[in-house]
Amino acid sequence: MKILKSPWFKCIACLLCIAVISGALLASLNDVLAVSPETRTARAIKKIYGEEKEYATVLDVDNGYEPIIFDGVGSVNKVYSVSGDLLFQTTGYKGYKNGTVTLWIKAVKTNEKYSIEKVLLETSEKQTLMSKLTGEFYGGFNLTDVTEAYDSGSLFSATEKTAENYNPVSGATYSATAAANAVNCVIKYLGGER
């Protein structure tokens with residue numbers, strides 16, 4: 001059998017063995033290293049609050065709930081009640097190349113009104129200049145009265161200088177727009193749009 005001794009056959013056989021072994025390893029490690037939605041939520045809460053906290057689920061797409069979609073703006077994917085606060089995971093649309101930015105947003109209730117006190121990046125899709133969106137940018141989304149902002153129509157914008165809640169960033173306008181839209185989803189949700 002001359003074909004079994006050819007260099008081409010040996011190369012193909014070697015590559016086939018590598019592919020089979022790699023596929024088996026990836027399949028087994030995928031199950032072993034998988035992170036459950038509950039673990040991801042606990043990690044996010046710890047990142048935002050600095051410690052583990054008990055929470056109650058209000059809305060969670062990982063548990064069969066439908067996301068709340070605000071046309072052209074974004075969606076609310078998860079809402080948790082944490083020590084009287086509301087913790088949102090929202091996705092803002094209209095990013096670079098129609099990509100998205102997903103944020104965790106902490107809304108604190110004081111004297112019957114909500115304020116936005118912390119905004120953290122979860123993930124982004126198709127966004128190339130996310131490093132331009134620093135902690136200072138996310139800190140610009142702090143808002144003392146969400147209801148007042150909603151009632152006056154003062155949603156966040158990364159492009160309109162006339163907007164009351166203008167949050168500019170140079171070099172990553174589309175990514176900043178998606179992030180602003182993610183925060184606007186919380187304002188719309190707390191304003192009663194559902």
Side-chain angles (χ1 to χ4, degrees), residues 41-60 67-95 100-124 127 130-194:
T41 300
R43 287 178 183 172
I45 289 171
K46 187 172 183 179
K47 187 175 180 182
I48 290 168
Y49 287 92
E51 62 184 347
E52 291 183 11
K53 290 200 172 250
E54 294 290 321
Y55 65 92
T57 303
V58 177
L59 173 105
D60 189 342
I68 298 172
I69 298 173
F70 299 102
D71 288 337
V73 178
S75 65
V76 174
N77 309 319
K78 300 178 182 189
V79 182
Y80 300 109
S81 177
V82 183
S83 302
D85 303 338
L86 289 178
L87 182 62
F88 294 85
Q89 185 199 63
T90 60
T91 300
Y93 302 158
K94 297 184 181 177
T100 60
V101 173
T102 301
L103 302 175
W104 284 102
I105 302 166
K106 176 182 167 185
V108 177
K109 188 172 187 178
T110 310
N111 298 327
E112 299 303 314
K113 63 182 182 179
Y114 281 101
S115 61
I116 295 176
E117 292 193 359
K118 194 162 197 173
V119 177
L120 293 174
L121 175 67
E122 171 72 7
T123 60
S124 63
Q127 306 306 292
M130 289 303 291
S131 63
K132 297 265 187 183
L133 306 183
T134 62
E136 183 179 334
F137 170 76
Y138 294 116
F141 290 121
N142 290 348
L143 191 61
T144 55
D145 190 347
V146 174
T147 305
E148 182 182 316
Y150 177 78
D151 290 343
S152 67
S154 298
L155 300 177
F156 282 99
S157 174
T159 58
E160 296 178 29
K161 293 181 182 178
T162 57
E164 187 175 317
N165 292 326
Y166 177 57
N167 195 0
V169 64
S170 61
T173 306
Y174 287 110
S175 298
T177 297
N181 284 341
V183 176
N184 290 338
C185 287
V186 171
I187 295 171
K188 288 174 174 275
Y189 180 93
L190 292 175
E193 289 185 38
R194 292 184 206 158

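Sequential numbering from 1 along the given sequence is applied to the chain's residues.
Residue Lys109 comes nearest to Gly84 through the heavy atom pair CB-O, 4.2 Å, listed as atom of the first residue, atom of the second, then distance. When all heavy atoms are compared, the tightest approach of Ile48 to Lys118 is O-NZ, 3.3 Å. Between Gly72 and Asn181, the shortest heavy-atom contact is O-ND2, 4.2 Å. Residues Ala172 and Lys132 come closest through the heavy atom pair CB-CB, 3.8 Å. Across all their heavy atoms, Leu121 and Thr123 have their closest contact at CD1-O, 3.5 Å.
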Stepwise side chain to side chain contact (heavy atoms under 4.5 Å, CB included) check, Thr147 with Leu190: CA-CA 7 Å; Thr147 305; Leu190 292 175; 5.9 Å; no

Stepwise side chain to side chain contact (heavy atoms under 4.5 Å, CB included) test for Leu86 and Tyr114: CA-CA 9 Å; Leu86 289 178; Tyr114 281 101; 3.5 Å; yes

Side chain to side chain contact (heavy atoms under 4.5 Å, CB included) between Trp104 and Val119, worked out: CA-CA 6 Å; Trp104 284 102; Val119 177; over 6 Å; no

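For the pair Thr102 and Gln89, the minimum side-chain heavy-atom distance is below 4.5 Å. By the 4.5 Å heavy-atom criterion applied to side chains, Phe88 and Val76 are counted as neighbours. Residues Leu143 and Ile187 form a side-chain contact, since some pair of their non-hydrogen atoms from C-beta on lies under 4.5 Å apart. Contact check for Leu103 versus Val101: side-chain heavy atoms found under the 4.5 Å cut-off. The shortest side-chain heavy-atom distance between Ser124 and Thr100 does not fall under the 4.5 Å cut-off. With contacts defined as side-chain heavy-atom distances shorter than 4.5 Å, the pair Tyr93/Val73 does not qualify. With a 4.5 Å cut-off on side-chain heavy atoms, Leu120 and Tyr138 do not count as touching. The closest side-chain heavy-atom distance from Glu193 to Tyr150 is below 4.5 Å.
The side chain to side chain contact (heavy atoms under 4.5 Å, CB included) test with Cys185 singles out one residue from Thr91, Thr90, Leu155, and that residue is Thr90.
Going from atom CZ of Phe141 over to atom CD1 of Ile105 covers 8.0 Å, rounded to the nearest 0.5 Å. Here Lys47 contributes atom NZ and Ile45 contributes atom CD1; the two are 13.5 Å apart, rounded to the nearest 0.5 Å. The distance from atom CD of Glu51 to atom NZ of Lys46, rounded to the nearest 0.5 Å, is 9.5 Å. Atoms OG1 and NZ, on Thr41 and Lys78 in that order, are 4.5 Å from each other to the nearest 0.5 Å. Going from atom NZ of Lys53 over to atom CG of Leu87 covers 11.5 Å, rounded to the nearest 0.5 Å. For the atom pair Tyr55 OH and Ser81 OG, the distance stands at 12.0 Å (nearest 0.5 Å).
Heavy atoms of other residues, nucleotides or ligands lying less than 6.0 angstrom from CD of Glu148 number 12 at most. Atom NZ of Lys106 has more than 12 heavy atoms from other residues, nucleotides or ligands within 6.0 Å.
Donor-acceptor pairing under 3.5 Å is lacking for the side chains of Tyr174 and Gln127. Checked by atom type, the side-chain pair Asp85/Tyr80 shows no donor-acceptor distance below 3.5 Å.
Ser157 contributes a side-chain N or O that, together with a main-chain N or O of Thr159, makes up a donor-acceptor pair within less than 3.5 Å.
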